[in-house]
Structure formats: C-alpha cells, structure tokens
Amino acid sequence: MNTTSPTAPDDHLFSVYARAQVEVERGEGVRLYARDGRVFVDLVQGIATNGLGHCHPKLVETVKAQAEKLWHVSNIFRIPDQEALAGKLCDDSFADQVFFTNSGTEAIECALKLARKYHDAKGNPERIDVITFKGAFHGRSYAAVNAGGNESYTKGFGPKLPGFVHLSLDDHDAIKAAAEAPTAAAILVEPVQGEGGARALTEQELRFLRDLCDANGLLLMYDEIQCGVGRTGKIWAYQWSGIEPDVLTTAKALGGGFPIGACLATRDAASGMVPGTHGSTFGGNPFAMAVGLTAYGELSTQASLDHVNEVSGFLRQQLQGLKAAFPDVIEDIRGKGLLVGIKITPNNREVMALARDKGLLIAGGSDNCVRLLPPLNLTIDEAREALGLLEQTFQTARETLLSKEPV
Ligand SMILES: *Cc1c(COP(=O)(O)O)cnc(C)c1O
C-alpha cells in the first residue's frame with residue numbers, strides 16, 4: 001500500500017514533463033483559458049495539433065453526433081468512415097493505401113515495419129537499415145527514439161536497436177555510402193523538421209534522397225506528422241517540391257485535436273503488409289474517423305490552404321521586421337508556412353516563460369528555437385495580436401535576459 005502523502009497536486013504523475021504553471025480549463029479558437037482567469041493567445045495548440053483551434057464548432061458537432069451513434073468496433077469489421085478518410089488521403093497524395101493509428105509514433109512504427117517487410121517479401125531479409133538524420137524527431141517508442149537518434153532520448157534505455165543509420169543531412173558522401181550498403185532498406189526524413197528547429201529541406205536535398213532511393217531500391221519515407229495536413233500551405237509539405245515518397249506518416253492536425261495517426265503508402269511499398277502482419281485495437285475506430293473526416297475535410301480545402309499561405313506570408317514578413325528591430329535577440333526565422341521557427345540568442349525556455357507572462361503561448365525547439373504553431377484558421381487580426389505580444393516579449397528579453405551577459 002502507498003503510505004506517502006502527496007506533496008503536490010501532480011505528485012501521482014510521472015515527472016517526465018517540465019510543465020508550465022498553467023492549469024488549463026477551456027479553449028476557444030486561438031484562445032486558451034486557465035483556471036485562475038488568465039487568457040492566452042495559444043500558438044502551441046497541442047503542438048501543431050489543433051489545426052482548427054480549440055473546440056471548433058464543426059468538430060464539436062461531429063463529436064456530439066458520433067457519440068450517440070458508434071464509438072468503437074474492431075478492425076475485423078468494415079468501418080465506412082475509415083474507408084472514406086483513406087480514400088481522401090490517397091486522392092490528395094501519392095499514396096494508394098493507408099493504415100490508421102492513434103498517434104504519430106505508431107504511424108512511424110508502422111512505416112518502420114513496412115520497410116523491413118517490403119524487402120523481406122521481395123526476398124531480401126538482410127535489408128533492415130533505415131537511414132535517418134540529425135535534428136530528426138520521430139516519436140517516443142523504443143523504435144522511434146532509436147530512429148530519431150537524439151542521444152537525450154535514447155540514453156539509459158539499454159542497447160540501441162540495430163537497423164538505424166543516423167547521419168548529418170549535409171554529409172552527402174556518408175548518406176550515399178549508407179544508401180548503397182546491401183543492408184539499406186529506407187530513408188526516413190521530415191521534409192520540414194519540427195522539434196529539430198523548424199528546418200525546411202530544400203528541393204535539392206529531397207531530390208538527392210529520392211535519386212539515392214531509386215538507384216538503390218530503397219523506400220523514401222517522409223515523416224509529415226507535424227508538417228502535413230495543410231500546415232505549410234499545401235496539404236503535404238513535399239508537394240512544394242513535387243518529389244514524392246513511397247511512404248508518408250502523418251498525425252497531429254489530422255484529427256484536429258483527436259488522436260489520429262496514419263501511415264500512407266504506395267501499393268507496392270505496402271505489398272508486404274498482408275493479413276496478420278500488423279494491427280491496432282483502437283486505430284481507425286469510428287469515433288476517430290468521424291472526427292478525422294471533419295478535421296481533414298476542413299483543412300484540406302483550397303480555401304484553407306490559400307488562407308495558410310496568406311497568413312503565413314503576413315506573419316513571416318512581420319517577423320522579418322522584428323528580426324531587423326531585434327538583431328541582438330533574433331538570429332534566424334525558419335520553417336515553412338505556419339510551422340515557424342525563430343532561432344534566438346537568449347535561452348528559449350526563458351523566452352517562452354516571458355511570452356507566457358504576457359499572455360502568449362509558444363513552443364520550444366532544438367537549436368535554441370521557439371516555434372509558432374498557430375491554428376491554420378488564424379486570422380490576420382489574431383496574427384497581429386500575437387506579433388504585438390511577441391514584440392513585447394523580445395523587448396523584455398533584451399532588457400532582462402541579454403543584460404545578464406557580460407558586455
Ligand atoms: C509529434 C511528432 C511525432 C510523434 O507523434 P506522437 O503523436 O507524439 O506519437 C513524430 N514525428 C514528428 C515529426 C512529430 O512532430
């Protein structure tokens with residue numbers, strides 16, 4: 001029996017998060033309301049997940065209707081909304097087939113298994129290596145942290161899994177050598193890195209990887225869990241270059257805040273995934289699929305994509321203005337569309353706290369970035385409001401954080 005008395009309200013939770021002192025209560029659009037009455041402009045949105053903002057009326061309506069209709073059945077039955085959502089995802093992409101999951105990590109797991117099974121089914125079971133890159137983030141399962149390769153996520157968790165080759169995106173010779181190895185199976189890459197600091201790959205970089213895959217029989221797998229579903233102003237970030245993958249993982253905005261992930265693939269890439277090779281109890285359940293159809297339906301319209309391009313154009317232009325005004329604070333503006341990274345000089349965690357004090361929620365990122373991940377229906381007025389709070393934040397950062405350093 002547990003005889004210790006709790007000392008803090010969160011005492012019974014694993015302490016894996018350094019949580020901000022905001023006790024959330026409700027949300028509406030771009031705004032998040034705390035229990036103590038504070039109101040925030042939320043540019044975190046569950047980390048790029050609430051693509052339509054908090055509690056979008058159409059999603060609320062869908063959830064209410066579906067709650068009275070059907071929640072969960074096993075995938076041993078046909079689920080019409082699952083077939084419908086898969087059809088839409090395939091119509092809008094390179095893909096022929098989809099497997100639905102409950103999270104991004106599970107979509108990555110599916111892609112990793114698919115890659116090995118693909119080669120195994122073609123008589124090449126020795127092809128197991130997946131090439132991944134510095135600055136990548138692919139999730140938190142045992143395989144996903146090994147795929148991401150970030151030491152701080154793999155350290156202390158026992159032996160590293162075999163089958164991952166972790167390289168720098170700039171080291172073309174090493175990437176070429178790894179792709180030509182007889183054990184190579186696939187290349188896994190984020191067309192726009194998220195947690196890694198919002199680095200958008202160039203068309204040349206994607207072309208280089210595609211050509212290597214074609215020349216050596218590897219699968220090219222894009223992780224669009226964060227940058228997909230309209231965030232960059234196209235449905236998929238890869239569509240800016242037109243360089244198609246064989247496999248694509250997505251999640252985050254796909255359910256508009258409801259947990260849904262998906263692994264998309266060409267029919268050939270998925271050819272090893274025959275009955276019995278993979279499965280999920282909850283993945284693709286009727287509740288998730290109903291919400292997904294509404295969220296994806298809204299976010300994939302041309303009007304939504306046009307809006308993202310308009311607002312992100314405005315936001316980036318204004319951010320360049322801030323960079324010119326705060327050259328001592330802002331080093332670089334990165335990312336694509338409404339996946340915005342700002343590399344700053346003062347500590348990013350401290351700047352996030354300053355922003356919070358002013359009523360603005362922003363996300364962190366590697367390479368001392370902060371990320372702006374607004375809902376994709378953010379209005380120009382809301383963008384202006386957020387920029388005003390950001391300007392105040394950088395002003396305070398200049399006065400309080402930079403002055404700490406010796407001059
Ligand atoms: C968030 C994220 C994941 C992991 O998704 P979860 O839903 O947290 O499991 C994987 N890859 C990328 C690029 C992500 O942004």
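Below, each value reflects all heavy atoms present in this structure, side chains not excepted, and no hydrogens, waters or symmetry copies. Counting starts at 1 for both ligands and their atoms, in listed order.
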Item checked: Residues E382 and R384 bridged, charged N to O under 4.0 Å ->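 No salt bridge links E382 with R384.
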Notebook entry, point to check: D367 and side chain to side chain donor-acceptor pair (under 3.5 Å): which partner among R334, Q193, R199?
Noted result: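 One option only clears the test, and that one is R334.
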Note to self: Check this for me - ligand 1, F137, N or O atoms closer than 3.5 angstrom, yes or no?
What the structure shows: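 There is such a contact, yes.
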Item checked: Side chain to side chain, F133 and H166, heavy atoms closer than 4.5 Å ->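 A side-chain contact under 4.5 Å is absent here.
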Where does [X] meet ligand 1, judged by heavy-atom distances below 4.0 Å: at the side chain, the backbone, both, or neither?
{"X": "E190", "value": "side chain"}
{"X": "T105", "value": "both"}
{"X": "S103", "value": "both"}

Margin query: So, 4.0 Å and heavy atoms of D223: is ligand 1 close enough to count as a contact?
Written below: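 Yes, D223 has a heavy atom closer than 4.0 Å to ligand 1.
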Check: G194: heavy atom below 4.0 Å from ligand 1, yes or no?
Finding: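 Not so, G194 does not reach ligand 1.
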Checklist line | Atom of L112, atom of A147 and distance for their closest heavy-atom approach | finding: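 L112 and A147 have their closest heavy atoms at CD1-CB, 4.5 Å.
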Notebook entry, point to check: Which atom names give the shortest non-hydrogen contact between V22 and A34, and what distance separates them?
Noted result: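 Minimum heavy-atom contact is CG1-CB, 4.0 Å.
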Next item on the list: Identify, for atom 6 (P) of ligand 1, the protein heavy atom at the shortest distance, and state residue, atom and that distance.
Entry: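 For this ligand atom, the closest protein heavy atom is G104 N, 3.5 Å.
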Next item on the list: Return the residue, atom name and 0.1 Å-rounded distance of the protein heavy atom closest to atom 15 (O) of ligand 1.
Entry: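 Sorting protein heavy atoms by distance from atom 15 (O) of ligand 1 puts K252 NZ, 2.6 Å first.
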Under 4.0 Å from a heavy atom of [X]: give me the atoms of ligand 1 that qualify, with their elements.
{"X": "H138", "result": "10 (C), 11 (N)"}
{"X": "Q226", "result": "15 (O)"}
{"X": "G139", "result": "4 (C), 10 (C)"}

Next item on the list: Would you please indicate yes or no on a ring centroid separation below 6.0 angstrom for F99 and H278?
Entry: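 Yes, the ring of H278 comes within the 6.0 Å limit of the ring of F99, centre to centre.
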Check: Relative to the ring of F94, is the ring of Y238 parallel (under 30°), tilted (30 to 60°) or perpendicular (over 60°)?
Finding: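 Rings of Y238 and F94: perpendicular, as their planes differ by over 60°.
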Margin query: Would you say T396 and K358 are linked by a side-chain donor-acceptor pair, where the criterion is simply a distance under 3.5 Å?
Written below: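 The criterion, which ignores hydrogens and geometry beyond distance, is satisfied for T396 and K358.
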